[in-house]
Amino acid sequence: MLPTPSLAARHRRRPQWPHVPAVLLAPLQPLLQRIVRKVAREQPALFARLGPHGRSRFLIDARDLPFILLLQPDPVHPRLRALSRAAAVDCDTHISGSCRELVTMVDGRQDGDSLFFSRDLLITGNLEAAVCLRNALDDIDGSIMQHVCVALGKPGKMLWSWFCSREPLRGSECAAA
Amino acid sequence: MNRPELVCPAGTPAMLRAAADAGADAIYCGFQNATNARNFAGLNFTPNQLQDAVAYAHARGAKVLLAINSFATAGRYDLWQKAADCGAACGVDAFIVADIGVAAYIAERHAGRRLHLSVQAAASSPEAINFYCREFGVRRAVLPRILTLAEIHQLKTEIDCEIETFIFGNHGLMVEGRCSLTNYAVGISTNMDGACSPASEVHYDRNTAGVVTARLGSHVIDRFAPTEQAGYPTICKGRYCTSPRDEPYYAFEEPISLNLMEMLPALIGAGVDALKIEGRQRSRAYVSSVVTSFRRAIDAVVAGRKPELVDLVALTEGQKQTQGAFATKKWR
Amino acid sequence: MPPKLTLGPILFHWDADTKRDFYARIADESPIDTVYLGEVVCSKRAPFFERYLPDIVERLERGGKTSVFSTLSEVMLPRERKMTTELCAQADRMIEVNNAAGLGAVYGRPHRIGPMMNVYNERTMAHLAARGARHIALPPELPRTVAAEMAGNARQIGVALEVQVFGRIPLALSARCFHARAHGRSKDECQFVCENDPDGLTLTTLGGDRMLAINGIQTLSYGYLNLAAEIEDMLALGIGHFRLSPHRTDMIAVATIFADRLAGRSDGPTAMKALGALGIGPFVNGFWHGLAGHLYRDQRVGTGLA
């Protein structure tokens, strides 16, 4: 488990990002789409666990990223898009936390309930959909992030290395990349 | 000194593998329906997954205990029967039951298979436990989290079966299996549907000042200031107003988790046969971390060494821990 | 057999004089058939009233009432175990068992099963009946659909069923005393502060709704269960016993209203109006209709929620 800084320290003012216009996010979209399609292809059990919540729209708000993500984990037409923070987004569930906390939770290295208890994670809207997504992701062995990054070729591996450098916990997993 | 079993939770097959890899002696889990007391969205096992899980656990010397510990309801009793038949076919090592009807069915149809009495049966006296032992051949009772260490010690000498106590996780303070609070608030029964404060009924709202309001159905359970730790959105962990108090207060219990790591030598000395970690609704990260820590600590105690205490407070509800009723009668 | 009106055990800590007066009036003035006696919530309260029980039983019997002794619903401490086994060992008494700790001592002898015993299905009912249970009070959260299934089976094996129809609903039990906690005390040092709240201590949510009532180690609904409008339906299902849970309101009036309903002397709206005039409530009946327990479903509009 990651060491926990004090609650007050974690709630000091976070950096305020400028609103990134949608046009600057355009290059990200095909990459994100590739990621989500790959996961959908390789992890059919994830969607069985999601059940009806596969049709939900999850707004993923990594507070320290300059944009937000919209995920629809539909088994047939999965979608993951980057959106401007200025965009009016219609979603069922809003999940917010720091990038590091969200990524480590998706990868099964952080406990979602603990993040909620420490106020590092907040879910508004349809909580059941979010809990269901968390449970479905937690049932995937290993690191989805690593898997996805490696599949993206050299830039992906660089991204993973960078991520591991900020994330000292699982050295053995990082070495495997 | 006896070597107690370390009994660990699994909400998913990956969590079960993580528990087995971390050194669990036994792992408990349930099916994806109302037959167990953690019937939450996206959680639990299909029959096929259970079969694979049993093979994985057995290959590593760990047992699998199937929780069929909600109360079978008339009109759909067959759901609980099927769960028992299916569990037996999957080769589980024991059933954890609370309902007399379910216990009777398993004792008759699957005689010889171990029966454990769930905490949901609320058996807190030798007379109650011995009733279940006599009637159904129960081999182990999971004790409610309301007895002091001294009381557990005494109880052990008066009963005909093994005892299992919780050592870490949710500090349930209502007598389990006797609580209809969720059903009163939202119409979903913990006893019949297997869910306490189901996520479908929980809503969080954050205002501009960063205060988060937790609601269960139409009822406000608590409000958390931005720098205040949170707990589970259950009625028994909520804040209320009442006439003897000037301020809202935690009428039942503040958000807090049970952690008995420091009491392990005493618990093992009292003859506890199995030590249980709560949290099927948690995650791989939780189970890896907690099971690894307790595995080391138990092994140290059994070997006559002083256990190395590990800080697990980051995993606790409200980031607070307690020895609850186990340490002192004052808790009551 | 005609339907019976029963009076559940007093759940709250009333002083001995209040209890004696209460039972005297029940004996002399009420149309109640069966009275459950004894402390079912907190073992610390029991000594205050024990010595009056023989007189109360005699008075009730003179009034034509049947007495049943209820056991504690939580049994953990030595004194609680002793109370339970000693009570259950009295072969001349009819016992209502509220904790599995009492089952051994009544084994094979006719007895009743209380609403805390979690009888949710026919197999549990049959198992207990085979060991002497003749009468089962269903858990208050049981919906009509499940009660209907149970009633069919109960008839076949000769077990009488009872359902609570009036009063705050027991929702939870704990080892901790919430009354003591509200006053910053522990259970051992409670000084019997629960005596201040003869119908329970109200808990109001931060949203301002009065939701629960605490009574020592017990948590009850704030709303008063009221199934006066559902009586015909319950009779048709084969429910034979109807439990009123004692409160400080005029219980003679409550009993009379329900007795009139059971005898077909009044209809649902008349009874509801009369109960409404007692100034208690709000009334709830959600559990019976498979809804959240705190809701009231109005029979006259069928599907609407009040």
Side-chain angles (χ1 to χ4, degrees), chain B residues 71-75 77 99-102 104-105 121 123-128 130-132 134 144 146-147 151 173-175 177-181 183-187 189 191-192 215 217-223 235-236 238-245 248 251-253 325 329-332, chain C residues 73-76 80-81 84-85 99-105 116 118-125 127-128 139-141 145-146 149-150 153 169 171-178 181-183 186-188 201-207 209 211-212 214 219 221 286-287 290-295:
Chain B
F71 291 86
T73 37
Y77 179 72
D99 183 50
I100 286 175
V102 172
Y105 177 77
S124 50
S125 67
E127 289 78 15
N130 286 337
F131 169 79
Y132 287 97
R134 256 195 328 269
I146 59 177
L147 298 160
E151 287 164 351
L173 77 157
M174 294 307 184
V175 175
R178 300 293 181 278
C179 177
S180 308
L181 289 171
N183 200 7
Y184 186 68
V186 298
S189 163
N191 282 349
M192 294 184 280
R215 278 185 295 123
S218 59
H219 312 277
V220 175
I221 297 299
D222 207 350
R223 284 206 181 94
I235 292 167
C236 61
R239 264 182 282 206
Y240 303 86
C241 304
T242 195
S243 55
R245 295 265 185 159
F252 305 104
E253 174 77 300
K329 288 200 297 178
K330 292 259 181 230
W331 175 85
R332 291 172 192 155
Chain C
S73 47
E74 184 174 274
V75 180
M76 173 174 69
E80 294 163 352
R81 293 170 57 194
T84 304
T85 44
N99 185 293
L103 288 176
M116 302 299 296
N118 283 14
V119 183
Y120 284 94
N121 61 71
E122 56 274 29
R123 182 87 192 231
T124 299
M125 182 162 65
H127 190 94
L128 293 170
E141 69 164 348
T145 48
V146 180
E149 294 278 345
M150 300 283 284
N153 282 283
I169 312 166
L171 295 176
L173 274 179
S174 175
R176 174 177 271 181
C177 177
F178 304 124
R181 181 174 169 85
H183 291 267
S186 76
K187 191 173 171 183
D188 280 352
L201 174 62
T202 302
L203 292 184
T204 306
T205 70
L206 298 182
D209 74 287
M211 185 183 182
L212 301 167
I214 52 182
T219 306
S221 63
F287 280 151
L291 304 167
H294 72 95
L295 298 174

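Every chain is numbered from 1 and lettered A, B, ... according to where its sequence line falls, protein lines coming before strand lines. Just so it is clear, the structure is predicted and the values come from calculations on it, not from any experiment.
Side-chain contact between B:I146 and B:S124: present, with at least one pair of heavy atoms (C-beta onward) separated by less than 4.5 Å.
Within the 4.5 angstrom heavy-atom criterion, no atom of B:A123 approaches chain C. Contact of C:S221 with chain B is made through backbone and side chain together, with heavy-atom distances under 4.5 Å. Heavy-atom distances place no part of C:E80 under 4.5 Å from chain B, backbone and side chain included. Of the atoms belonging to C:T219, it is side-chain heavy atoms, and not backbone ones, that fall under 4.5 Å from chain B. Within the 4.5 angstrom heavy-atom criterion, only side-chain atoms of C:T85, from C-beta onward, approach chain B. Neither the backbone nor the side chain of B:R215 has a heavy atom closer than 4.5 Å to any heavy atom of chain C. Both the backbone and the side chain of B:Y105 come within less than 4.5 Å of a heavy atom in chain C. Contacts of B:A325 with chain C are absent, with no heavy-atom separation under 4.5 Å from either backbone or side chain. Using a 4.5 Å cut-off between heavy atoms, C:N99 contacts chain B through its side chain alone, with no backbone atom that close. With a 4.5 Å cut-off on non-hydrogen atoms, B:F131 touches chain C through its side chain but not through its backbone. For B:D222, the parts sitting under 4.5 Å from any heavy atom of chain C are the backbone and the side chain alike.
Among C:A182, C:G102, C:G104, the residue with the largest count of heavy-atom pairs under 4.5 Å with chain B is C:A182. Per-residue heavy-atom pair counts under 4.5 Å with chain B were compared for C:M211, C:E74, C:E141, and the maximum is reached by C:E141. The choice from B:Y240, B:Y184, B:F252 that makes the most heavy-atom pairs within less than 4.5 Å of chain C is B:Y184. When the candidates B:C241, B:G217, B:C179 are compared by the number of heavy-atom contacts under 4.5 Å with chain C, B:C241 comes out ahead. For chain C, the option among B:G238, B:S218, B:P244, B:G187 with the highest count of heavy-atom pairs below 4.5 Å is B:P244. Ranked by heavy-atom pairs under 4.5 Å with chain C, the list B:I221, B:T73, B:I235 is led by B:T73. Per-residue heavy-atom pair counts under 4.5 Å with chain B were compared for C:E122, C:R81, C:E149, C:M150, and the maximum is reached by C:R81.
In terms of the ring-ring contact (aromatic ring centres under 6.0 Å, His included) criterion, residue partners of C:Y120 (sequence neighbours excluded) are, by chain and number, B:F71. With sequence neighbours left out, the ring-ring contact (aromatic ring centres under 6.0 Å, His included) criterion links B:H219 to C:H294.
Looking at B:R332 and C:D188, no side-chain N of the basic residue comes within less than 4.0 Å of a carboxylate O on the acidic one, giving no salt bridge. Salt bridge present: C:R176 and B:E253 bring a charged side-chain N and a carboxylate O closer than 4.0 Å.
Annotation: the span from C:L201 atom CG to B:R245 atom CZ amounts to 10.5 Å, rounded to 0.5 Å.
C:N121 and C:T124 share a donor-acceptor pair across their side chains, judged by distance under 3.5 Å alone.
Although no hydrogens or angles enter the test, the distance criterion places no donor-acceptor pair under 3.5 Å between the side chain of C:N118 and the main chain of B:D99. A distance-only check finds a donor-acceptor pair linking the side chain of B:N130 to the backbone of B:P126 [under 3.5 Å]. B:S180 contributes no side-chain N or O that, together with a main-chain N or O of B:N183, makes up a donor-acceptor pair within less than 3.5 Å.
Contact record, C:K187 with C:A175: NZ-O, 3.1 Å, taken as the closest heavy-atom pair.
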